[in-house]
Structures are given as structure tokens and as C-alpha cells.
Number of protein chains: 2
Amino acid sequence: MLLSTKGEYGVRCMLDLAIHYGQGPISIRDISKREGISKNYIEQLFVRLRHAKLIKSVRGPKGGYLLISQPRRIKIGDVVRALEGPIAAIRCVQPQNSKDLCERISTCVLYILWKRLTDKINEVLDSTTLEGLCREGMKLSKHRLAHPLPFQI
Amino acid sequence: MLLSTKGEYGVRCMLDLAIHYGQGPISIRDISKREGISKNYIEQLFVRLRHAKLIKSVRGPKGGYLLISQPRRIKIGDVVRALEGPIAAIRCVQPQNSKDLCERISTCVLYILWKRLTDKINEVLDSTTLEGLCREGMKLSKHRLAHPLPFQI
DNA sequence: ACAAATCTGACTAATTTTGTCAAGTATAAA
DNA sequence: TTTATACTTGACAAAATTAGTCAGATTTGT
Ligand code: FES
Ligand code: FES
């Protein structure tokens, strides 16, 4: 699997924030209820997202989290990378420490393949924004008017 | 990371077999030396590859492993899936057991994204064959004639 | 018989994942 | 000013996965 629950849940939470964009701070408690993800775990994810400057926090009562910029400006790739670290097919394409380095990169035919795959993955993730997902979701929900929310997550 | 060392090393070994295709059985000992991967670990990987009918074995002295079909017939996707199981962006796209299932698939806007990403990944992996890699490798080695092998792994 | 090789299953240390928990700090509202 | 709300931080830990290792059994060419 490319993503762990960190990435999966984190993107879900960011989409939740995007849906409620412009409505003031959204509390973790509310997100937790809607998405069915543990409050404590969301806190952990939001540490990373805040550190990556994708969200900001408001403390105190009526506080919560907000997207730091418009949903149209936030690429899913940014969210995923903030949560999971660099996305790559194998280690040597995005080396994190010295032991990830291959010495034969310049002549390695497989490196070319893994690099091509890595680029494709990031391309897909970076060609989708939170706003794009919101729009797709609204289109989906038009076909199922019974549902109370604008669309399901 | 999309692939663990199982996938990374396994593809390396399969490419090694492809390079020596038509030269009779190749022993794990030789592959281990060339690729710098533990003999014991390669044995484990080859269990999966044999079970997936990608390689066959010849026992006894002068024995070893051979590709079961021509390098042009073997897609990297087949190799990777044999080693790592189904390749997917997140669990619910290729559910392995009941707890991987999401109940909201039909209305989930994120499922659409993860599915698109998963398809793209498999598309890249399935559009490359072992022969393709061999050819690319030979092209690379033409530019570095000093090297003893046809090309480096 | 012997040696070269595959084959099998058990075992394990290290790491990552998937969280939980407790004790803080900041602040808006009463 | 008090209080309740909500973010913040760091520690902790069970479970799963990764990345192998190892011992022994089996097969077979010479
Ligand atoms: S696998 Fe890293 S350079 Fe070949
Ligand atoms: S994440 Fe599985 S259906 Fe939405």
C-alpha cells in the first residue's frame, strides 16, 4: 500500500476542513465525530499538517483548525507528503538518510523505472486540489439528493 | 514508500534472470554474488515468484532458476504483485480482508481519487517488461564501454 | 557416495504503524 | 475572574510488518 492511515485519514480531515471552509474554526471534536476517527489520532496528524503550514489553529472555546489557504491552492500531494514524508516508489528515489542511497544510480536501469513511477504518482496527487474534490463531491451528491450533507466523505 | 525490499530486490533478481535468459539454470549463489543480496533472502523471494508461475527451478548440481517465459512476456507489474501482493494507493481499493472494506465506496469522492492513482501505478508497472529493461540497459551501457557487464543492475 | 543445489518452516530483531493517555497552555465567554 | 473549551506536547505501548537468519530436508548430476 502506498499510503498508511496517516495519509488516508489526514486527507479525509483536510477535505472535511475544505467542505467547511469559510465557516470559522472547525474543532477536532466535530471532525472526529463526522469522520469516525479518534480525536487523539487527529491531533497527531494535525501537528504535521500545521508544521507543513497547511492549516492553522485557534485556541480556546470556539477554537479549532482552518485551512491556511483556499481549497483551490491546496494540492493533495502537499497534504500526503506532509503526512507521510516524500512519496516514492522505492527508497533511493527520495533518499531520507545515507543508507537509502544507491551508489549505482547513474547506470541503474531500474532507477529510471522507479523514478518514472514516482513522478507519475506525484503528478496524479498534485493535479488534484481540495476544491477539485469538493466539486466532484457535489456532483456526486446531486445524484443522491436524500443525503443530509453536501456529500459523503 | 510503495515497495519494500521484497519488491525492490525481487525485481532486481528477475532482471538478473532476464539478462541471463537462454543460458540454462542460474543459481541463487550467483545471483546473490552479483546483486549483493543474501542467499537466504533470495530463496524466500523465489518461493513467491515460483508460486506465481514466473520462474521455475531445476534441482541438483548445475541447477538453479529460469524464467518460465520470455522476458518480453513478463511485466514488471506481475513481478511486483507476486512479491508484494496487490498494488494500491490505500486498502479499500484492493481489499485483502473484510476490515479493508469501506461501506461508502459508492459515494466516496476520495475513492475515485485513490482508484485513479492505483490504476496509474499499475499502468506504469504493466507497460514495462523485463525485455524492455534489458534493452534500456544495453543502451545505457553503450555509453560506458569500460564496464565488464552488459550493464549494471 | 558425494556435493551442489533447491526447498521448507520456524524463528527473531528491528522498525513502523496505529493508536492511547496524561498533563499541560491559551483563550473566549459567563 | 472563573471556567469550560479546545489546542499542544510528549510519553507510552500493543500490533503488525519488515527484513532477514537458520537448520535441516530433499533432489539430482557426477
Ligand atoms: S535501485 Fe537505487 S539506483 Fe538502482
Ligand atoms: S476511502 Fe474507502 S470508500 Fe472512501
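Scope of the values below: all heavy atoms of this structure, side chains included, with no hydrogens, waters or symmetry mates. Chain letters run A, B, ... following the sequence lines, proteins first, then strands; residues in each count from 1.
- The C1' atoms of five pairs define one axis at each end of the helix from dA1(C)-dT30(D) to dA30(C)-dT1(D), and these two axes lie 10° apart (to 10°).
- Sorted by first then second residue, the ring pair (Phe, Tyr, Trp, His ring centres under 6.0 Å) pairs that include residues 79-102 of chain B, not counting sequence neighbours, number zero.
- For Glu8(A), the side-chain hydrogen bond (donor to acceptor under 3.5 Å, both in side chains) criterion is met by Arg91(B), not counting sequence neighbours.
- Within the structure, no pair that satisfies the side chain to side chain donor-acceptor pair (under 3.5 Å) test touches residues 44-73 of chain A, not counting sequence neighbours.
- One atom, CG of Leu45(B), and another, C1' of dT8(C), lie 15 Å apart when rounded to the nearest Å.
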List the protein contact pattern of nucleotides 18-30 of chain C with one symbol per nucleotide (5' to 3'): B for base contact, S for sugar-phosphate-only contact, - for none; contact means a heavy-atom distance under 4.0 Å.
SBBB--BBBBB--

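- Rounded to whole angstrom, the span from the CE atom of Met1(A) across to the C1' atom of dT17(C) amounts to 14 Å.
- The nearest pair of heavy atoms linking Ala82(B) to Ala52(B) is CB-CB, 3.6 Å.
- Counting only residues at least two apart or on different chains, no ring pair (Phe, Tyr, Trp, His ring centres under 6.0 Å) pair has a member in residues 113-134 of chain A.
- For Thr118(A), there are no side-chain hydrogen bond (donor to acceptor under 3.5 Å, both in side chains) partners, not counting sequence neighbours.
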Could you check Arg12(A) against Asp16(A) for salt bridge (Lys or Arg N to Asp or Glu O under 4.0 Å), going step by step and ending with a plain yes or no?
CA-CA 6 Å; Arg12(A) 286 246 298 273; Asp16(A) 191 293; over 6 Å; no

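- Ser32(A) is linked by a side chain to side chain contact (heavy atoms under 4.5 Å, CB included) to Lys39(A), Ile42(A), counting only residues two or more places apart in sequence or in another chain.
- Rounding to whole angstrom units, CG of residue Asp100(A) and P of dT16(C) are separated by 10 Å.
- Residue contacts shown for Tyr65(A) are limited to sugar-phosphate atoms, with no base heavy atom under 4.0 Å away.
- If you chain together ILVMFWY residues whose side-chain heavy atoms come under 4.5 Å of each other, Val58(B) ends up grouped with Leu66(B).
- Through direct or indirect side-chain contacts shorter than 4.5 Å among Ile, Leu, Val, Met, Phe, Trp and Tyr, Leu101(B) is connected to no other residue.
- For residues 75-84 of chain B, the set of pairs meeting the side chain to side chain donor-acceptor pair (under 3.5 Å) definition, not counting sequence neighbours, comprises Ser4(B)-Glu84(B), Asp78(B)-Arg81(B), Arg81(B)-Asn122(B), Arg81(B)-Asp126(B).
- Summarising the geometry, the separation between CZ on Arg29(B) and P on dA4(C) is reported as 7 Å, rounded to the nearest angstrom.
- Scanning DNA chain D 5' to 3' for nucleotides with an atom closer than 4.0 angstrom to a non-hydrogen atom of chain B gives a first and last hit of dT18(D) to dG29(D).
- The distance from atom CG of Leu49(B) to atom P of dT6(C) is 14 Å, rounded to the nearest whole Å.
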